[in-house]
Amino acid sequence: MRSLLLTSTFVFGLASSCTAGLLGHDYHVKRSIPHDGQYIDVNASNNATEWWWVQAGAPAEEGGSPPSLHVTFYQGYPLSPLREAAGGANAPEFYIVLNGAFPNGTVFAYTLPASSSSVIHAGEAVTGSWPGAGVFQNSADLSAFTVTLDAPEQGVSGTLKIHSNGPAHFGCNTTSSAYFESAIPAGAELNAAEEIFYKQLGWATSQPGGAALVDVTLGGSKLQFAGQGYHDANWMPQPIDAFMDDWYFFDAQVGPFDLSAVYAAITGTTRTFTTGFLEESGTILQNQCSVQGSREADFVTITPYGLAVDEVFQMNVMQGFILEYTLKDGEQYRFNLTGQSLVLDQPIYHRWVGSAEGGKVGGKQYTGVVMYDWLNPSLTPYNG
């Protein structure tokens with residue numbers, strides 16, 4: 001899950017509570033909504049938000065930095081100061097945010113306002129249109145996702161294309177709910193933050209990994225590379241730090257493996273939450289969500305390591321993470337993820353692109369590329 005950076009000048013904060021309907025259906029019921037479709041109502045009268053996130057990255061060439069492009073199609077404002085910073089009552093309700101880095105390490109950020117937003121579908125095929133900014137298209141079989149950027153006034157144009165090599169999925173299982181309710185411990189009494197997190201934060205991954213082609217022009221500079229891509233969508237009726245203190249998200253392609261994982265510290269509880277997705281050559285090895293420490297098998301362990309200093313904000317940050325997947329049968333897979341390029345640098349939000357290495361413990365090891373985010377609304381210090 002992803003990107004919450006909404007302006008190139010960057011303002012952090014959170015919106016007030018709200019409610020959002022599931023387009024005329026009960027909130028939890030997917031019904032006829034396609035996997036990558038519109039799940040909730042987002043408009044100027046509420047503070048709900050829904051977004052479609054796509055990113056692509058490639059390994060660094062010798063002496064360079066890993067190139068990347070991250071694109072988010074937004075409806076609504078999940079961060080409270082954002083609407084005021086973007087114009088208050090005149091702020092655009094719909095916009096696209098870009099960020100990433102060129103191979104020489106130069107970081108970029110753009111916000112592209114749109115005049116409107118629509119997400120329509122024919123079966124599972126979905127088209128999202130943000131006039132004046134860009135369009136996305138997802139194929140009916142969820143094998144191909146294409147972003148077309150067209151914002152000539154800001155000097156932004158071009159395409160990002162992904163051809164998926166893995167199955168679409170939700171956060172806890174492959175076919176049923178887009179929510180995290182199945183991770184709630186039996187008999188547990190949830191606090192208000194947990195009620196939101198487990199029952200109303202939606203996550204649908206359409207392209208868990210695959211070959212990506214980037215060909216865009218940004219302010220007269222070309223960004224072109226072939227790498228690996230990922231696409232998912234999220235929606236929620238309340239802002240993230242109304243119910244969450246700390247969050248890590250990982251997406252990596254390592255040899256034949258596509259993997260993702262989440263760690264979440266939910267506000268007001270000692271229960272922490274993780275998801276683990278791991279597939280090899282299109283076959284799912286793990287796709288689960290759980291409360292950390294609640295299982296002896298079928299779980300993921302996420303461990304930050306190293307200690308560096310963010311010189312801009314004089315705060316400690318990690319240098320990488322170890323992801324360890326334990327499958328239902330006890331087999332283990334381990335991946336070392338190392339940040340090389342810091343492409344988003346703010347006190348409560350950091351994003352890195354870097355290298356990944358790993359595979360089955362005791363088996364052949366592979367290398368690849370990783371993109372990961374650390375969202376820290378509570379500003380909890382990291383001390384290594």
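Given the structure is predicted, the values throughout are model-derived calculations rather than measurements.
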Once you measure the plane-to-plane angle for [X] and [Y], does it fall in the parallel (<30°), tilted (30-60°) or perpendicular (>60°) bin?
{"X": "Phe136", "Y": "His231", "result": "tilted"}
{"X": "Phe250", "Y": "Tyr372", "result": "tilted"}
{"X": "His169", "Y": "Trp203", "result": "perpendicular"}
{"X": "His350", "Y": "Trp352", "result": "parallel"}
{"X": "His70", "Y": "Trp53", "result": "parallel"}

> When you look at Val42 and Thr49, which way does the side-chain contact (heavy atoms from CB on, under 4.5 Å) test go after all the steps?
Replying inline: CA-CA 6 Å; Val42 179; Thr49 185; 5.5 Å; no

Nearest non-hydrogen partners of [X] and [Y], listed with the distance:
{"X": "Gln253", "Y": "Gly209", "answer": "NE2-CA, 3.9 Å"}
{"X": "Ser68", "Y": "Val343", "answer": "OG-CG1, 3.9 Å"}
{"X": "Ile40", "Y": "Ala48", "answer": "CD1-CB, 4.0 Å"}
{"X": "Asn287", "Y": "Gly171", "answer": "OD1-O, 3.8 Å"}
{"X": "Ser260", "Y": "Phe249", "answer": "CB-CE1, 4.4 Å"}
{"X": "Ala58", "Y": "Ala226", "answer": "CB-O, 3.6 Å"}

Do [X] and [Y] come within less than 4.5 Å of each other through their side chains, counting heavy atoms only?
{"X": "Leu160", "Y": "Leu213", "answer": "no"}
{"X": "Ser177", "Y": "Tyr179", "answer": "yes"}
{"X": "Val216", "Y": "Val156", "answer": "no"}
{"X": "Leu259", "Y": "Tyr333", "answer": "no"}
{"X": "Glu324", "Y": "Val361", "answer": "no"}
{"X": "Val126", "Y": "Ile120", "answer": "no"}
{"X": "Trp130", "Y": "Trp52", "answer": "yes"}
{"X": "Leu149", "Y": "Ser157", "answer": "no"}

>> If you apply the rule side-chain contact (heavy atoms from CB on, under 4.5 Å), what do you find for Leu375 with Ile240, and how did you get there?
In response: CA-CA 10 Å; Leu375 179 62; Ile240 278 207; 3.8 Å; yes

>> Working note: Asp232 + Gln207, criterion side chain to side chain donor-acceptor pair (under 3.5 Å); need CA distance, chi angles, decisive distance, verdict.
In response: CA-CA 7 Å; Asp232 69 13; Gln207 281 79 26; over 6 Å; no

> Going through the distances and angles, do Phe277 and Thr205 end up as a side-chain contact (heavy atoms from CB on, under 4.5 Å)?
Replying inline: CA-CA 10 Å; Phe277 174 81; Thr205 301; over 6 Å; no

If only atom types and distance count, is the side chain of [X] paired as donor or acceptor with the main-chain N or O of [Y] below 3.5 Å?
{"X": "Glu279", "Y": "Gly282", "result": "yes"}
{"X": "Gln286", "Y": "Thr326", "result": "yes"}
{"X": "Ser290", "Y": "Gln292", "result": "no"}
{"X": "Thr272", "Y": "Ala264", "result": "no"}
{"X": "Asn191", "Y": "Thr267", "result": "yes"}
{"X": "Thr269", "Y": "Arg271", "result": "yes"}
{"X": "Glu357", "Y": "Leu337", "result": "no"}
{"X": "Gln228", "Y": "Val369", "result": "no"}
{"X": "Asp310", "Y": "Gln314", "result": "no"}
{"X": "Gln365", "Y": "Lys360", "result": "yes"}

> Is any NZ, NE, NH1 or NH2 atom of the basic residue among Asp215 and Lys222 found under 4.0 Å from an Asp or Glu carboxylate oxygen of the other?
Replying inline: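 Counted as a salt bridge, because a side-chain N and a carboxylate O are separated by less than 4.0 Å.
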
>> Between the side chains of Glu181 and Lys199, is the shortest nitrogen-to-carboxylate-oxygen separation below 4.0 Å, so that they form an ion pair?
In response: no

Can the ring centres of [X] and [Y] be said to be less than 6.0 Å apart?
{"X": "Phe321", "Y": "Tyr305", "result": "no"}
{"X": "Phe170", "Y": "Phe180", "result": "no"}
{"X": "Phe257", "Y": "Phe335", "result": "yes"}
{"X": "Phe145", "Y": "His163", "result": "no"}

So, [X] and [Y]: side-chain donor and acceptor under 3.5 Å apart, yes or no?
{"X": "Tyr248", "Y": "Asp373", "result": "no"}
{"X": "Asp251", "Y": "Gln55", "result": "yes"}
{"X": "Glu195", "Y": "Gln200", "result": "no"}

>> Go through it in stages, so that I can follow the logic: the residues are Phe197 and Phe273, the test is ring-ring contact (aromatic ring centres under 6.0 Å, His included), and I'd like the CA-CA distance, side-chain angles, deciding distance and then a yes or no.
In response: CA-CA 10 Å; Phe197 181 89; Phe273 168 89; 4.8 Å; yes

Does [X] belong to the same Ile/Leu/Val/Met/Phe/Trp/Tyr cluster as [Y], with side-chain heavy atoms less than 4.5 Å apart forming each link?
{"X": "Ile184", "Y": "Leu201", "answer": "yes"}
{"X": "Phe299", "Y": "Val291", "answer": "no"}
{"X": "Val71", "Y": "Phe225", "answer": "yes"}
{"X": "Tyr349", "Y": "Trp374", "answer": "no"}
{"X": "Val107", "Y": "Ile96", "answer": "no"}

For the [atom1] atom of [X] and the [atom2] atom of [Y], what is their distance to the nearest 0.5 Å?
{"X": "Asp246", "Y": "Tyr263", "atom1": "CG", "atom2": "OH", "result": "6.0 Å"}
{"X": "Asp258", "Y": "Ser281", "atom1": "CG", "atom2": "OG", "result": "9.0 Å"}
{"X": "Met315", "Y": "Asp345", "atom1": "CE", "atom2": "CG", "result": "8.5 Å"}
{"X": "Leu112", "Y": "Glu153", "atom1": "CG", "atom2": "CD", "result": "11.0 Å"}
{"X": "Ile284", "Y": "Leu327", "atom1": "CD1", "atom2": "CG", "result": "12.0 Å"}
{"X": "Asn376", "Y": "Gln346", "atom1": "CG", "atom2": "CD", "result": "13.0 Å"}

>> side-chain contact (heavy atoms from CB on, under 4.5 Å), that's the test. Do Met236 and Ile196 meet it? Break it down for me.
In response: CA-CA 8 Å; Met236 63 191 67; Ile196 299 168; 5.9 Å; no

> Just wondering, are more than 12 heavy atoms of other shown residues or ligands nearer than 6.0 Å to CD in Glu61?
Replying inline: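 No - once you tally the heavy atoms of other residues, nucleotides and ligands closer than 6.0 Å, there are 12 at most.
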
